[in-house]
Amino acid sequence: MISLILAMLRTRRGQAVTLVLLGVLAVGATVAVPAYLAAVDVAVARGEVAAAGPDERAITVTSEADVRGTANSIDFDSVAGALLDQPGFAHVYAVQFPVLGLETSGDRSSHLVFRQDVCAHLEMVSGRCLVGAGEILLGEGTARRLELEAGARVTLSYARIVSNSLTGIAVFVPDGPASEAVVAGVYRPAAPAEQYWGSHGYFTPEAPEPVFANAATVERLQPNLAEVSLDATADPAVFDATGPLRDRLAQLQQRARSVGGDYRVGTAMPGLIDRVEQSRDLARRSVPAGAVPLLLLAYLALYLAVDYGSEGRRPELAVVALRGTRWWQRLLLAIGESVAAILAGAVAGLVAGRLAVAALVGWRLPGVGFSLDLTDPHSAGLAALTALGAVAVAVAAQRRHLAGPVAELLRRVRIRTSLGWRSAVVVAVLAGAALAQLFTTSGRLDGVGLLAPALCMAALAVACARLLAPAARGLGRSALRRGRLGLALAALQAGRRPAAQRMLLLLITAVAVLGYAVSATDVAAQDRDLAARIGTGATRVLEVGPVTRQQLLHAVRQADPGGRWAMAVVQLPPGAPGEPAKLAVDTARLPGVVPWLPQYGGLDPARLPALLHPPARDPVVLDGKAVRFDVGVTSRGNEPVRVKAVLESVTGRGSAVLDLGTVSAGEYTLGRTDAVCTDGCRLAALRLSSDRIGGAAIDATLTLHGLSAATADLADASHWRGTGGTLSAAGDGLRFTVSGVLTDGAWFQPADAPYPLPAVATVPLPPSVAGVDGRPTDVRAAGRAEALPRVGSFGALVDLDYADRVSSDGGAARAPEVWLSASAPPEARARLAAQGLIVTGERDVASVRARLDGEGPALALWFHLLTGALAVLLAAGGITMIAAVDRTARAADHDVLRTQGLSRAVLRRASLWTYPALVLAAGVLGLAASLAVWRLTGWSLPVFGAATQLPELPLPHWPVTLALPLTWLLSMALLSSVAARRT
């Protein structure tokens with residue numbers, strides 16, 4: 001029996017090769033799914049780790065410990081090291097405690113920090129790094145503020161914090177020996193956001209710049225209690241296996257609790273693990289959605305190949321049946337040839353699938369290791385299941401030939417079988433059920449919903465093939481009446497031959513699979529490009545270290561006096577739930593810096609400066625370091641009022657909140673000196689408050705009689721704005737009356753900016769939103785856009801200068817950035833650094849797009865393209881196979897027609913019309929089917945990672961590039977050339 005089957009394979013080598021190739025495609029497509037997903041898992045992890053924050057890659061163990069080396073000190077190094085004894089982690093040890101002696105205010109502390117290998121991560125602005133005992137390093141901003149430089153000597157002492165029992169205010173007091181220290185150098189961090197600094201937030205806007213010292217200096221100061229920490233930073237490869245890593249983190253927490261002592265384990269690593277797993281999960285849903293149509297198409301081609309191959313063997317099967325062989329021998333002789341070829345193709349497909357993935361990974365995912373291990377049980381199991389399915393399809397294709405009577409097998413005329421309405425209804429019902437699940441699960445690609453794209457393509461292809469016969473017969477009759485015999489003969493043959501109907505079904509499905517894959521890739525590429533452009537805002541974006549809003553504005557304006565390539569940008573706090581995202585920008589520079597996209601709508605960017613920065617009154621400027629306020633207080637109670645002045649340097653020196661002391665009834669001259677105001681300060685606000693915790697009831701009127709060297713109109717109350725009190729003008733100055741409990745204080749400030757604050761938004765804004773200082777700020781709509789840079793289609797823009805002027809704190813900028821245009825000079829960063837800005841990070845449209853391209857959903861689409869290309873190749877093989885089997889029947893028909901007098905020219909024209917015309921019709925219908933299925937199901941394919949932080953975007957929904965027409969034309973050229981050669 002085996003030798004007979006081998007002889008059959010040798011005799012019909014062409015058919016055997018076709019079945020082998022179909023088996024390779026079916027099994028290869030299945031095996032490629034887990035192999036490609038394994039590579040995607042690694043690529044996703046590496047991409048997420050590269051974009052992660054320092055706290056997401058590090059585990060930090062901290063404790064309060066005595067580091068003086070006394071007998072009672074905690075052996076933190078050994079205990080924390082044992083806790084973090086994890087493979088794939090690098091450790092950094094640090095000590096931090098407060099010291100007094102640097103700040104001009106006696107009770108204001110500085111943070112002294114020892115950190116291993118710190119000099120390798122600092123840039124020295126002046127002086128040198130640490131060498132011996134008693135040396136410290138000051139941050140650039142601290143040195144400028146305190147007017148200290150390299151070589152200066154200071155006296156430091158360890159400090160502890162105590163709380164005033166009456167006011168609840170915490171102050172620092174010395175608690176150790178005083179020690180003289182030398183400022184060895186002034187530093188700026190080389191890369192404030194680098195992994196080395198961990199999650200300590202040394203350079204955040206809220207934290208003072210650390211004062212770095214070595215271990216010998218720490219020992220001199222003899223801190224009684226210091227915060228000691230050990231940072232363990234994970235290697236990127238650690239995140240390849242997120243499940244074990246999550247278990248190790250849980251075990252670490254348990255070990256920390258069991259060790260005893262005040263050990264705290266902190267990490268944001270679970271968030272990074274979640275993002276990696278979510279991105280991988282999206283890829284695991286998307287990749288099978290591309291493989292399923294190819295697998296079903298391979299099974300369809302396999303069915304047709306076996307069916308048509310068996311058609312040519314009908315006389316053999318009839319002879320076997322006439323000789324009375326047993327049923328199982330008849331079955332083996334019928335299916336043995338097909339099964340042997342399919343099993344050979346399955347073995348080859350196991351190898352070919354992994355080789356194809358290796359090639360795709362090497363091309364699209366360089367640097368991601370890929371193993372060609374063919375003994376992987378998961379891949380082998382999938383290959384076996386797919387092969388069994390192929391064998392079942394082969395047996396089903398020969399069902400008629402095995403069960404049919406001998407007389408039927410001996411007939412030369414093929415049994416007319418076509419796609420009946422029942423099959424069309426069944427496929428349509430299945431497609432409807434898959435679509436229903438897809439919509440009810442909000443596009444989740446699992447279960448039956450995973451089959452929705454494939455079943456919808458199959459339903460449309462079956463419907464089109466079902467209509468072929470009546471359409472072809474109608475065309476044939478019409479052509480016959482017009483005397484076009486070649487076209488009439490081709491159409492009538494296509495209408496009566498099952499081969500044409502099945503070829504059309506195969507071709508429509510293949511073209512639809514390719515068109516769907518290209519549409520998904522095209523639209524997703526548009527989405528990612530738009531997300532990168534809008535989400536980035538400008539061509540390049542520099543992230544800046546701690547800086548006040550006016551410092552940022554002044555530094556950028558000094559670095560780019562012409563306003564051609566740099567713009568200061570600050571985020572506003574999120575505000576109430578449902579409040580749109582808000583961005584404050586230096587609007588005069590926006591038209592020249594930000595590329596204005598069509599998606600932003602019809603708003604002309606050149607109008608934005610006029611809309612957001614209309615003319616306003618000049619600010620109130622105080623000249624010189626010494627500032628003075630002449631005030632009179634009328635109090636109707638016994639509660640004293642604390643007065644504070646919020647000042648902002650007009651030359652970018654920063655801001656200051658000057659405590660002018662407490663006042664009660666009487667006349668006062670309140671004054672302070674601050675270096676911030678050396679070149680002049682803008683008065684941002686005067687704040688009245690109570691010293692009592694939780695506030696107190698105040699009933700008083702403060703009259704501002706005059707300011708030091710300032711041109712301020714105190715006679716017109718409309719030139720001022722008050723919050724928490726009532727403003728009025730009087731002959732002796734500006735009066736501010738406060739009555740009630742002050743929990744957050746009361747403010748009055750110059751009205752040197754339009755109020756309500758003008759805003760351009762994409763949606764209607766509430767009357768009040770969170771301002772740059774976090775307090776409610778009234779806004780008014782000055783313009784409307786469809787979308788805006790960075791904030792997308794749900795956000796607003798305001799002017800940074802005016803937003804800062806209506807604020808009351810003169811404080812630090814939230815997420816400060818400098819946006820650069822494409823024309824920014826190469827020395828842009830150096831110019832900004834020369835103005836005192838510390839660039840902590842940089843991103844551009846290309847880098848953001850690369851990060852989006854490296855997420856799981858984007859990587860999955862390359863597999864869709866691979867399946868689309870293989871589908872077209874499979875269809876080309878199907879044309880070859882069907883035409884070869886159908887050639888004998890067509891030759892017999894042509895002989896009869898020649899006998900009846902039909903010319904060779906007419907027959908040649910009929911042959912040229914048959915298969916090429918089917919290919920063209922299938923191409924048009926397949927393209928239409930792909931777009932229809934894309935419209936129905938394409939929205940469910942994920943584009944971005946689940947945890948990707950992107951604004952709401954006006955995303956496109958249709959392919960617009962030349963990718964779809966070009967791939968369609970190429971596929972049509974290939975299929976038409978194959979069809980033409982088989983006519």
Side-chain angles (χ1 to χ4, degrees), residues 547-557 567-573 575 582-590 608-623 627 644-658 676-677 679-687 704 707 710-714 716-724 727 734 736 745-760 768-780 782 796-814 816:
V547 66
T548 67
R549 297 183 287 270
Q550 284 298 326
Q551 278 180 313
L552 180 66
L553 275 169
H554 184 269
V556 174
R557 289 172 178 176
M567 179 178 71
V569 178
V570 169
Q571 290 183 17
L572 275 69
K582 307 172 295 296
L583 209 63
V585 302
D586 193 357
T587 47
R589 295 162 175 256
L590 188 144
L608 286 175
L611 294 175
L612 297 179
H613 198 279
R617 296 186 184 93
D618 292 332
V620 174
V621 177
L622 308 177
D623 296 331
V627 297
K644 293 183 179 181
V646 181
L647 307 174
E648 289 186 316
S649 169
V650 296
T651 58
R653 284 179 170 268
S655 62
V657 179
L658 301 187
V676 167
C677 296
D679 302 317
C681 275
R682 182 184 72 87
L683 176 62
L686 282 175
R687 180 177 186 262
L704 182 60
L707 307 175
T711 55
D713 187 358
L714 302 179
D716 190 345
S718 66
H719 292 184
W720 297 78
R721 183 171 56 253
T723 304
L727 274 171
L734 183 70
F736 188 57
W747 306 83
F748 70 100
Q749 54 195 138
D752 53 1
Y755 199 80
L757 189 66
V760 170
S768 178
V769 300
V772 290
D773 56 356
R775 299 172 60 246
T777 300
D778 293 348
V779 292
R780 64 173 177 83
L797 293 183
V798 297
D799 183 75
L800 175 55
D801 186 27
Y802 281 171
D804 181 63
R805 291 194 195 183
V806 301
S807 71
S808 57
D809 64 346
R814 185 175 188 269

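In this text the structure is predicted, and so the values were computed from the model without any measurement. Only this structure's heavy atoms are used, side chains among them; waters, hydrogens and symmetry mates stay out.
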Worksheet item: Any salt bridge between R549 and D801, counting N to O under 4.0 Å?
Response: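 No, no charged N to carboxylate O under 4.0 Å.
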Worksheet entry | Presence of salt bridge, D752 and R682, under 4.0 angstrom |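 Salt bridge: yes.
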Practice prompt. Just say parallel, tilted or perpendicular for the rings of F748 and W720, cut-offs at 30° and 60°.
Written response: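 Because their plane-to-plane angle lies in the 30° to 60° range, the rings of F748 and W720 count as tilted.
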Do [X] and [Y] come close enough that some side-chain heavy atom pair is under 4.5 Å?
{"X": "R780", "Y": "P758", "answer": "yes"}
{"X": "R721", "Y": "V806", "answer": "yes"}
{"X": "R617", "Y": "S718", "answer": "yes"}
{"X": "S655", "Y": "S649", "answer": "no"}
{"X": "V772", "Y": "R814", "answer": "no"}
{"X": "L797", "Y": "L590", "answer": "yes"}
{"X": "K582", "Y": "V769", "answer": "yes"}
{"X": "R775", "Y": "W747", "answer": "yes"}

Would you name the heavy atoms of [X] and [Y] that are closest together and state the gap between them?
{"X": "V798", "Y": "A803", "result": "CG2-CB, 4.1 Å"}
{"X": "D773", "Y": "S808", "result": "OD2-N, 3.0 Å"}
{"X": "V650", "Y": "D679", "result": "CG2-O, 3.4 Å"}
{"X": "P615", "Y": "Y802", "result": "C-OH, 3.8 Å"}
{"X": "L727", "Y": "G722", "result": "CD1-N, 3.3 Å"}
{"X": "L734", "Y": "A717", "result": "CD1-CA, 4.0 Å"}

Please round to the nearest 0.5 Å and tell me the distance separating atom [atom1] of [X] and atom [atom2] of [Y].
{"X": "R653", "Y": "T548", "atom1": "CZ", "atom2": "OG1", "result": "12.5 Å"}
{"X": "H613", "Y": "L608", "atom1": "NE2", "atom2": "CG", "result": "13.0 Å"}
{"X": "E648", "Y": "L622", "atom1": "CD", "atom2": "CG", "result": "12.0 Å"}
{"X": "Y755", "Y": "R805", "atom1": "OH", "atom2": "CZ", "result": "15.5 Å"}
{"X": "L552", "Y": "D804", "atom1": "CG", "atom2": "CG", "result": "10.0 Å"}

Practice prompt. State whether the side chain of D778 and the backbone N or O of S768 hold a donor-acceptor pair below 3.5 Å, judged by distance alone.
Written response: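 Not a single qualifying donor-acceptor pair exists.
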Item to complete: Starting from the C-alpha separation in whole Å, work towards a yes-or-no answer on side chain to side chain contact (heavy atoms under 4.5 Å, CB included) for C681 and V676.
Response: CA-CA 7 Å; C681 275; V676 167; 4.0 Å; yes
Practice prompt. Can you spot which of V585, L572, V570, L583 makes a side chain to side chain contact (heavy atoms under 4.5 Å, CB included) with L800?
Written response: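 For L800, the side chain to side chain contact (heavy atoms under 4.5 Å, CB included) check succeeds only for V570.
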Practice prompt. Only one of D586, L757, T587 passes side chain to side chain contact (heavy atoms under 4.5 Å, CB included) with L612; say which it is.
Written response: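 Exactly one option meets the side chain to side chain contact (heavy atoms under 4.5 Å, CB included) with L612, and it is T587.
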Worksheet item: Going through the checks in order, is the side chain to side chain contact (heavy atoms under 4.5 Å, CB included) test met by V556 and R589?
Response: CA-CA 11 Å; V556 174; R589 295 162 175 256; 4.2 Å; yes
Worksheet item: Given L553 and Q551, is the side chain to side chain contact (heavy atoms under 4.5 Å, CB included) satisfied, shown in steps?
Response: CA-CA 6 Å; L553 275 169; Q551 278 180 313; over 6 Å; no
